[in-house]
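All residue numbers refer to positions in the sequence shown, counting from 1.
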Amino acid sequence: MIDRFKSDAAQPAIPRHDARLLTQSGNLAEIELDGQVYTLRITKAGKLILTK
């Protein structure tokens, strides 16, 4: 059985990014994908909203 919580376990296949780092400790960040700009917002309730 593989223990996913051991420090020597393989890294997850899906990249993980800290939303607070993306927003530079604020509540908004712009994310660009194929020339389209999206806004990532952290709400007061601590939820994430991504809008075009």
**OP:** Report, as yes or no, whether the 6.0 Å neighbourhood of atom CD on Glu30 holds more than 12 heavy atoms from other residues, nucleotides or ligands.
**Re:** no

Original post:
What residues, two or more places apart in sequence or in another chain, satisfy side-chain contact (heavy atoms from CB on, under 4.5 Å) together with Ile49?
Top reply: Arg41, Thr43, Thr51

**OP:** Each residue besides Leu48 in its hydrophobic cluster should be listed here, by chain and number; the cluster joins Ile, Leu, Val, Met, Phe, Trp and Tyr at side-chain heavy-atom distances under 4.5 Å.
**Re:** Leu22, Ile31, Leu33, Tyr38, Leu40, Ile42, Leu50

